[in-house]
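Worksheet for the structure shown next.
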Protein chains: 2
Amino acid sequence: MLIGPGDDAAVLAPVRNERLVVTTDAVVEGVHFSRAHFAPADIGHKALAVNLSDLAAMAATPQWALLSLVLPGDWLVAEVEGLIDGFGALAIAHSVSVVGGNITRTTGPLVVNVTAGGTVESRKWLTRTGAIAGDEIWVSGTIGGARAGLEMLSDPGSLIPDPGCVAKQKTPEPRVRLGVAVGRGRAARAAMDLSDGLADGIRQIGAASGCGARIDASALPIEPGAAAWWQDRGIDPMMAAIAGGEDYELLFAVPKKSGRLRNVQRHVAKPAMTRIGVWLKDPNEFVVARDGRDEPLPQGYEHFAERREAKTTLDERREAKTTL
Amino acid sequence: MLIGPGDDAAVLAPVRNERLVVTTDAVVEGVHFSRAHFAPADIGHKALAVNLSDLAAMAATPQWALLSLVLPGDWLVAEVEGLIDGFGALAIAHSVSVVGGNITRTTGPLVVNVTAGGTVESRKWLTRTGAIAGDEIWVSGTIGGARAGLEMLSDPGSLIPDPGCVAKQKTPEPRVRLGVAVGRGRAARAAMDLSDGLADGIRQIGAASGCGARIDASALPIEPGAAAWWQDRGIDPMMAAIAGGEDYELLFAVPKKSGRLRNVQRHVAKPAMTRIGVWLKDPNEFVVARDGRDEPLPQGYEHFAERREAKTTLDERREAKTTL
């Protein structure tokens with residue numbers, strides 16, 4: 001960077017011949033995390049991770065970030081430093097420069113707003129638009145872990161929460177290498193990240209591309225600890241995992257039997273990629289095939305029950321994003 | 001823009017040969033505005049204005065903005081639309097593209113976090129560093145209006161608040177044309193915007209540049225309605241205006257008797273520019289000359305009394321900005 005933190009704004013040299021990709025996202029205490037379950041460093045990690053995940057879904061390489069903290073009066077300097085440390089550690093892991101930020105006070109809950117910027121070669125970016133009927137549906141990593149992790153943390157009867165699920169909830173790993181490799185290798189026609197769950201992601205790409213989708217229930221890569229957790233409680237793990245949000249995995253539309261995705265997988269071995277279904281011609285058909293029968297695809301996960309109530313005063317997040 | 005709102009991130013074409021300038025700033029209900037006095041459109045205007053002001057202070061031309069809303073559950077759709085309208089109107093006035101954003105819910109007060117991006121030619125940007133002893137201190141427009149406006153709005157005895165002061169408080173005009181013209185014309189050695197008041201700005205440029213400063217009290221362009229308001233209440237208008245924040249005017253260090261600033265003024269007639277003092281060699285000398293005597297320069301304005309309390313748990317905003 002040419003001018004970094006400490007002035008009115010940061011000055012950056014653009015990367016030659018690359019396009020600029022920018023995104024902003026906030027995490028809010030009591031909505032996206034609770035201070036009872038999240039260490040300050042976890043909050044900082046998650047606030048940056050959800051933004052890097054958005055860049056990864058566009059196949060952009062993250063370059064810089066701005067951190068805006070809206071802090072309650074009772075936060076201690078050591079807690080703020082812990083949050084910034086967690087943010088900074090993930091930034092370093094992805095070679096992201098923290099070029100500036102802002103701190104202001106609030107009488108309400110903590111808000112961490114992050115803006116991330118990255119670069120992508122011309123026409124190598126991925127959007128939600130572009131899936132074609134017959135394309136395969138692929139997803140990275142596992143699904144359902146973040147939602148199960150949240151349930152485990154919130155359940156006082158859960159003495160030993162599954163570490164894999166808790167990590168998915170508290171410190172998700174944005175799939176930056178994978179997203180960039182898929183974009184550069186032109187291995188997908190559409191992509192997005194699973195911030196609001198698989199069902200939501202499928203419907204979003206479907207709506208943007210004019211496709212429906214059929215998911216193969218038996219193929220779903222459900223996080224093992226999550227499946228066991230729901231099974232123990234008499235909940236259908238498949239439906240819970242499809243609806244569960246915050247996995248921050250990547251969802252793709254991939255041309256049928258394409259060698260390009262296999263090529264990407266040779267270079268980016270982790271996370272594993274799973275083919276979970278097919279995009280359909282009918283833009284209103286969203287189904288899950290299980291035991292030879294089609295069931296309707298569930299709706300997306302709502303972070304909290306209050307979200308339902310919010311609809312009366314405020315459009316849902318994804319609709320709002322489209323409006324903006 | 002190549003990809004606008006509605007996807008995981010926005011994709012933008014960088015401006016050829018220009019540097020990228022980015023800044024982020026939040027306005028918080030109960031800290032920077034109250035819903036009793038601000039219409040939703042005013043809140044949207046102010047949230048963008050404070051960011052465009054930061055770009056102007058760097059001599060950058062604004063290009064795009066991201067709007068992140070953290071909304072209380074009781075906000076009506078019409079109020080959200082009003083806020084976005086106020087934001088959008090100022091964006092249009094400055095040819096700023098709203099390339100994306102985010103909406104999330106909160107149990108606390110409204111937070112509007114904005115990120116603004118702009119461009120500047122190589123080496124044409126302005127920073128807080130660069131003032132030299134003997135340089136003149138110049139300020140744009142008037143000072144004190146925003147603070148007086150806040151006092152008028154908050155005072156139940158104030159039946160007819162001065163419209164000029166109220167406008168400075170609710171809908172400040174970022175000095176974009178002026179900042180860009182000063183940068184392009186190389187008419188200043190240092191600049192910043194007066195978000196936290198003139199006294200704070202003087203001390204910030206002084207600290208960054210290794211200078212002190214002497215202000216000429218009789219030269220200060222105090223907003224007329226503000227001066228009258230304080231005079232009526234037995235408050236020293238000069239000290240109140242110097243300490244008052246949120247004017248969002250620009251402060252410059254200008255080489256002595258430079259013709260370049262006059263050249264800029266010929267092209268950008270409004271706001272008026274006023275020479276108010278001189279930068280000094282001693283980095284610890286910050287004074288106001290009045291009636292032939294030097295008085296100490298007051299400290300910066302604190303938005304709310306609670307800010308004092310905040311210092312025990314949290315560094316002040318400007319210190320935090322440096323840390324980030």
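Note: hydrogens, waters and symmetry copies are ignored here, and every other heavy atom, side chains too, is used. In the text below, chain A, chain B and the rest are named by the order of the sequence lines, each starting its count at 1.
Looking at B:V28, only its side chain comes within 4.5 Å of chain A, counting heavy atoms on both sides. With a 4.5 angstrom heavy-atom cutoff, B:V111 touches chain A only via side-chain atoms. Interface remark: A:V11 contributes backbone and side-chain atoms alike to the contact with chain B (heavy atom separation under 4.5 Å). Using a 4.5 Å cut-off between heavy atoms, B:L12 touches chain A through backbone and side chain atoms alike.
Listed options B:V120, B:V70, B:V15 were ranked by heavy-atom pairs under 4.5 angstrom with chain A; first place goes to B:V70. Highest contact tally toward chain A, considering only B:A57, B:P109, B:A60, B:A56, is held by B:P109 [criterion: heavy-atom pairs under 4.5 Å].
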(Q) Could you go through B:R175 and B:E249, starting from their C-alpha distance and side-chain angles, then the distance that decides it, and tell me whether this counts as salt bridge (charged side-chain N to carboxylate O under 4.0 Å, His left out)? (A) CA-CA 7 Å; B:R175 303 309 193 184; B:E249 296 293 347; 2.8 Å; yes

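No side-chain donor-acceptor contact under 3.5 Å links A:S68 and A:N113. With 3.5 Å as the limit, one finds a donor-acceptor pair spanning the side chains of A:D25 and B:N102.
For B:A191, the side-chain contact (heavy atoms from CB on, under 4.5 Å) partners at least two apart in sequence or on another chain are B:L126, B:F252.
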Listed pairs under 3.5 Å, donor-acceptor, residues 76-90 of chain A side chains, sequence neighbours left out:
unit_1, atom_1, unit_2, atom_2, d
A:E79, OE1, A:L76, N, 2.9

